[in-house]
Every structure is written in structure tokens, then in C-alpha cells.
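Chain letters run A, B, ... following the sequence lines, proteins first, then strands; residues in each count from 1. Reckoned from all heavy atoms, side chains included, excluding hydrogens, waters and symmetry mates.
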Amino acid sequence: MQTAYRTHTCGQLRREHVGQTVTLAGWVHRRREHGGLIFVDVRDRHGLTQVVCDQAAAPEAYARAAEIGSEWVVQVEGAVAARFEGNPDLATGEIEVRAAVVRVVNASKVPPFEVARDLNLDEAQRLRYRYLDLRRERMARNMDLRHRVTAFVRQALNEHGFIEIETPILTRSTPEGARDFLVPSRLNPGTFYALPQSPQQMKQLLMVAGMDRYYQVARCFRDEDLRADRQFEFTQVDIEMSFVDEDDVMALNEQMFIDLCRAVVPDRPIRQVPFPRMTYAEAMRRYGNDKPDLRFGMTMEDLGDLFATSDFAVFRSTVDSGGAIKAICVPRLFSRKEVGELEEIVKAFGAGGLAWVAFENGETRGSVAKWVADVEPALRERLGAADGHTVFIVAAARKVAEDSLGRLRLHLGEALGLIDPHELAFLWLIAPPLFEWNDDEQRWDSVHHPFTAPHPDDVSLLAGDPGAVRAMAYDAVLNGVEVAGGSIRIHDSAVQQHVFALLGIDEAQARTEFGHLLDAFQYGAPPHGGIAWGFDRTVMILAGESSIREVIAFPKTVAGTDPLTGAPAPVPSANLDLLGLKVAPRT
RNA sequence: GGGGGCGUGGUGUAGAGGCCUAACACAUCGGCCUGUCAAGCCGAAGAUCGCGGGUUCGAAUCCCGUCGCUCCCGCCA
């Protein structure tokens, strides 16, 4: 790290350097003035070193140190000395640098917030001065972690015989999936490029091209509303392999996840290895969610059979009309007020209400205590309900019951502190449905994407019962977050056309929009499949953050703006003329 | 498109109809101080409480609108 300005970084010096003369360069983190003695903590990305300026020993250095303020850039020359009393909180805490020369390299205005302090700052403020925000220890650590994860993944894939290939950023818009970001073409006015939502088609073409094992750390773009875990532009580790089945892809990625975690967050335990595999159907049934958080229990049970002949009209009629009665058991008792608050959660997701039974001091009470009396032993056994526990029940259409109770489960897991934030709970979610019915459009939609292969056992169902067809797809879920998703692809143009037809894409449209892919499949397409990591989310979890903005250097606000650059911004009308564009007045 | 939360000196917060001539901490500026490390002590400056309207004798506080940030639903193959 030695350069014209420094011999060491600010995180480098240790006891063994004592006696050496060194030069450091960095930012003034903090200054402590004691009369004839000034301590300056000099910081760079690598750490913090205490510099001592003694008026008696080095009057010039002392005079400079007396002038400088926070975040000034300084250069310090001096001897490394052992400290009288070390600072165990600091990597360089055993030493200090006795300044012989202090130079002001560049002064700084008083910063708009304290870089040296870890505060919960207003995000607009942080983004406006992102270059200062990134100086803070937390962000420097996150950027470093992100880099190490990228480097690890590249190295691991390289060692497994993959090659990294870049694919175009200016591509063709297709009707499937998210809203595209469009780029007008100057040379072909009135036509548009689209930014890639993922390199999906290109990587499949690369398989036809014989590239065998491809990966790319790929920027992807989707013009949808932003969230804590969603940005317009995000990064995928995009992987595609030829001559593989689902197990090949999952095994490779599982080992990478494990090795990665052990390398970059060695002190965080992985809950279960090998990763458990759970079908989509089971995840919905037990967790009400296609990305279950396995760090805590409280799984759902189905009580439909217990109430099929019940006198309780609400439950009975739910069962009769094909709905579900789902329950979770919570190892706690709640006040009526608390139950009311929890009920609001399930109502927000469509449930009519939240029924509950509490077992307290040998008594059974709660909104439906009277009605569960007949079936109480069976109910308690199924849910493992003991004294001091509360059972929450939602009776509704199956999807509503699972969804709302699943949300309640997550809420309680967090609110009751049942989650160890340190733990890493991976699982593979497998065999999701290939299609889901789109009621608005009166057609089937791909659950994953339209190139996902149907399970071989279900191909015969494509014609008669598309909703029952399982996909050869798999998602990696970590702590309730989808961190990767992939599938085995269709490599047969006939099956592909059949799927397009079900999606409401007629032959002419398929030719226009996917002709290149269908053509390619007629020139010897190898069986292939792959996966894409949601890279930002993965790093977010490893960093212990709850927003991907914390692991992206220059993110957008949830309104899609960048307070630093002022993007998006109007452009001169001459630029629009060149593109043949005209801005319509707002309606 | 919809729902919730927040917006008070540079920063983070307190104040929730009259105790507000707006409090505290950090930062800033001046002074003291030779072993601190979130240094300490003394002092100073700094806010028409996001913006606009309304209610009221009286609004940081209540109401409406608007802007910004944020969380969630929809959306995200």
C-alpha cells in the first residue's frame, strides 16, 4: 500500500512496527486537545491510527495539529511507539505515531453530519452526501464485504470451469415480466432498446453456443416500485450450465453458499447442512409463504378435519365451501388488546377475523373456546399446545388463510424475539407450479419465467390442467429472503411454443419477440439450466442489514430519485428532437 | 394506484393547545488543560418547529392540502 503519500495504511501498524519511522495519510477522524498535547485519530478505509503531537517535542507538527478540523486530509510523519496504555477496541490500539511532521493535504468544510459517529441519519441527507456517508465505518465495512463476496464468487466459479461473459445492456423489450426501462434509438427514431431485466435469453443462447458454463456479475433493470429490498437496478450473479439437472445446479450453489459464509462471516452459524429441501406446496401449507424463515417454529397446522362436523357455523361453512382452517400455536398469552392488534394484521391480508384459544392455568378461554371443547385434545396434540400457550386460527379461502396467518407468524416471530439474528437458515424451495392463473387477463402466467421446463412427469398435464404442472425450478431462501432462483430450461422448441401459447403469446408474436431463441433451439440446443443470485440481498443479509441500500454505493430513494446527482432530470428539447421524442403534458 | 410512520438549530432527539422568550446531547466557535481514545472543564453563537392554508383569543402541537424521506399492499416473468 506504499505510495508517494504514505508508507502504511491507517489500519496496518502493530506492535512489531514500533521504532519504525512511517508516513500516514488520511482523514481527521477525531481530535483531542490537552494543552501541550494533541491526539489526532487519522482514518482511512482500512482503520484508525492515533497520532500524538507533542508541543515540546515537535512544535511545528503541534501547531499544524492545532489548526485542523474534522475530515481534513492530513499527512503525518513520525515514529511508531508503543502506547502507555493500549486501546483494545482498536486494531492499531497497541501503538501510536509520534508526529514529527504534520501536513495539511486538503482542508474540509465542516461536514453536514458527523462522519465519526454511527447515527441513524435521515436517508435523503445520507444520499445527498453519499461520499461522506460511505466514509463511515458501517458503510466502509459493507462495501468491503460486498467486494469480498464478489471476489469469492468469481474465484469459486472460475475454479469450477466457468467463464464470465458480458451480455448487452441495450437489448430488445419483451412483453413478459416487469416493466422495462426504455432507451430511445437515435439512429432509428421511434424505436427503443430495453435495459435487461436479466440476461436470461442471452445466457441460454450462450448455452446453444457451447459456452457450457457461463456466469456474469450482471446489472439488471426493472422499472417497478422500489422497496427496502428492491432497486431499479440491482446485481445478479447469473449462472448457466449445460448438460445438468436440478441437483447439479443446486449442489454447486449450495456448496458455494456454504463456503462463502464460512469465508466472509465465519462466526455466523448455518442452521442446517445440507440445506433442507421443501416443496412449494409444503411451504405454503406450513408457512403460508414461498420463502419461509426457518429460524423459528410456530408452523401452521390444518384443522379443517376437526371442524368438518362442528356446530360452529363459521368454521363449518368455511370447510363446506372448500376453504381452510389454519392455526399456529404461540408459546405465550395475550391480552385482549394485543389480540385485537394481531387481528388487524390478518385482516389486512384478507382474513375476516382472528379466532383464538388460550390455555391458562388449566382453563381454556378465548373467542372460540366454547366451540373447540369437543376437539380440544386433538387440537392441542396437533399443535403441541400446552398451558401458557395461545392458538390463533384463521378460517378463510385457503390462499387467504395461509397468507394472512403466515404474515402473523412472521410478525410474532420478530415481535416475540424468537429469531436469532446471527443464524443463517438456508433452504431450497422446489417444485413450484409452472403457471398461475391471471384472472384479469384471463390467461396463464409464468410463475418463474416462460423458459422454465415443466417437470417431465407433468408434461402430459400441459394441455388439460396447466395449473397442476410443476416446474423444474428451485429457489434458495435465506432467513426468509429469496436469495437465488433458477430452473432447468426448455430446450425443445415445440415445448417452448406450447408454453408460449398457454401464456397467450400467439405464434406471430412469439416469432417477432422470441424468434431468435426459437431459431437457436433448432440448431442443437443442449439441455441446460441455471440460477441467478439476488446479489444485493445476499450481501444485505450477510452484512446484517435490512435494506439493500446499505450495500449499494449509490442507491436511489424509494421514489426513484438520486439526491446526490438530482436524477432523474429533464433534458434540453434539442436532445428530445434528435430522438424524435416529445414530452406530453401531465394529465 | 392505495394504506401507515416520520419531518423541530449543522446532526440526533425532547416538547403533543397557553408552562415555549422552544429543551437536551453531539457538532461548530472562543478559552483552560501534557496521556486522551465518545477526553474533560468554562463560555458563546446557532431554529420564525418542511411548505401553504384553515380552526382558535392563542398552534411546533388540532384540521386540510402539498413536498420530502421511509415501511407495507398492489406491482416486481
Checklist entry - If we take the P atom in both B:A23 and B:A44, what is their distance in whole Å? => result 13 Å
Checklist entry - Can we say A:Glu71 and A:Arg43 salt-bridge, meaning some charged N sits less than 4.0 Å from an Asp/Glu carboxylate O? => result yes
Next on the checklist: With a 6.0 Å cut-off (strictly less than), is the heavy-atom count around CZ of A:Arg172, excluding the residue itself, greater than 12?
Outcome noted: yes
Checklist outcome for this item: Rounded to whole Å, NE2 of A:His411 lies from P of B:C71 at a distance of 18 Å
Item to check | Heavy-atom donor-acceptor pair, A:Arg30 side chain to A:Ala116 backbone, under 3.5 Å | outcome: yes
Checklist entry - Relative to the ring of A:Tyr129, is the ring of A:Tyr131 parallel (under 30°), tilted (30 to 60°) or perpendicular (over 60°)? => result perpendicular
Checklist outcome for this item: Under a 3.5 Å limit on both distances, the Watson-Crick or wobble mate of B:G40 is B:C32
Checklist entry - Does the side chain of A:Asn253 come within less than 4.5 Å of A:Trp533's, by heavy atoms? => result yes
Next on the checklist: Taking only the C1' atom of each, what is the distance from B:C57 to B:C69 in whole angstrom?
Outcome noted: 37 Å
Item to check | Along RNA chain B (nearest heavy atom to each residue), the more 5'-positioned of A:Gln200 and A:Leu127 | outcome: A:Leu127
Checklist entry - Cut-off 3.5 Å, side chains only: do A:Tyr287 and A:Asp293 have a donor facing an acceptor? => result no
Checklist entry - Do the ring planes of A:Trp437 and A:Trp444 sit parallel (below 30°), tilted (30 to 60°) or perpendicular (above 60°)? => result perpendicular
Next on the checklist: Can you tell me the base-pairing partner of B:G65? Count Watson-Crick or G-U wobble geometry only, both distances below 3.5 Å, and say none if there is no partner.
Outcome noted: B:C51
Item to check | Distance, P atom - from B:A16 to B:C63, rounded to whole angstrom | outcome: 15 Å
Item to check | C1' atoms of B:G31 and B:U48, separation to the nearest Å | outcome: 32 Å
Checklist entry - Quick one: the side chain of A:Arg128 and the base of B:G68, do they pair up donor-acceptor inside 3.5 Å? => result no
Checklist entry - To the nearest angstrom, how far is A:Arg407 atom CZ from B:G3 atom P? => result 19 Å
Item to check | P-based separation of B:C26 from B:G43 [nearest Å] | outcome: 14 Å
Checklist entry - To the nearest Å, how far apart are A:Arg126 CZ and B:G68 C1'? => result 16 Å
Checklist entry - Just by modelled atom types, is the A:Ala140 backbone N or O under 3.5 Å from a matching donor or acceptor in the A:Arg45 side chain? => result no
Checklist entry - Between A:Glu224 and A:Arg230, does at least one N-O distance fall below 4.0 Å, as a salt bridge requires? => result no
Checklist entry - Mind checking who B:G74 pairs with, Watson-Crick or G-U wobble, both distances under 3.5 Å? => result none
Checklist entry - Rounded to the Å, how far apart are A:Glu344 CD and B:G5 P? => result 13 Å
I'd like a list of close polar pairs between nucleotides 7-16 of chain B and the protein, N/O only, cut-off under 3.5 Å.
from, atom 1, to, atom 2, distance (Å)
B:G10, O2', A:Pro112, O, 2.6
B:U11, OP1, A:Gln125, NE2, 3.4
B:G12, OP1, A:Asp122, N, 3.0

Next on the checklist: Between the base of B:C75 and the side chain of A:Arg230, is one N or O donor paired with an acceptor at under 3.5 angstrom?
Outcome noted: yes
Checklist entry - With a cut-off of under 6.0 Å to the ring centre and 45° to the axis, is A:Arg409 in cation-pi contact with A:Phe296? => result yes
Item to check | d(CZ, A:Arg222; P, B:C75) in whole Å | outcome: 15 Å
Item to check | Assigned partner base of B:G12, Watson-Crick or wobble definition, under 3.5 Å | outcome: B:C24
Next on the checklist: Taking the P atom in each of B:C64 and B:G3, what is the distance between them to the nearest angstrom?
Outcome noted: 13 Å
Checklist entry - Which is true for A:Ser70 with a 4.0 Å heavy-atom rule: it touches a base, it touches only sugar-phosphate, or it touches nothing? => result sugar-phosphate
Next on the checklist: Could you tell me if the side chain of A:Val495 sits less than 4.5 Å from the side chain of A:Val459, heavy atoms only?
Outcome noted: no
Checklist entry - Which whole number of Å gives the distance between the P atom of B:C41 and that of B:C24? => result 15 Å
Checklist entry - Between A:Ile345 (CD1) and B:G3 (P), how many Å, whole number? => result 20 Å
Checklist entry - So which of residues 548-568 of chain A are in contact with RNA chain B, with a heavy-atom cut-off of under 4.0 Å? => result A:Arg549, A:Thr557, A:Val558, A:Ala559, A:Thr561
Item to check | Nucleotide B:C73, atom C1' - distance to CG of A:Leu410 in whole Å | outcome: 15 Å
Checklist outcome for this item: As its Watson-Crick or G-U partner within any shown strand, both distances under 3.5 Å, B:A60 has none
Next on the checklist: Check for me whether the distance between the ring centres of A:Trp27 and A:Trp72 falls short of 6.0 Å.
Outcome noted: no
Checklist entry - When the P atoms of B:G9 and B:A14 are considered, how many whole Å apart are they? => result 13 Å
Next on the checklist: Tell me the interatomic distance from A:Phe349, atom CZ, to B:G2, atom C1', rounded to whole angstroms.
Outcome noted: 13 Å
Checklist entry - Can A:Asp536 and A:Gln231 be counted as having a side-chain donor-acceptor contact under 3.5 angstrom? => result no
Next on the checklist: Output one letter per nucleotide in nucleotides 32-38 of chain B: B when a protein non-hydrogen atom lies under 4.0 Å from the base, S when only the sugar-phosphate is that close, - when neither is.
Outcome noted: -BBBBBB
Checklist entry - Quick one: is A:Arg227 getting a side-chain N or O under 4.0 Å of the B:G74 phosphate, OP1 or OP2? => result no
Checklist entry - Is a donor on one side and an acceptor on the other found under 3.5 Å between the side chain of A:Glu246 and the backbone of A:Tyr474? => result no
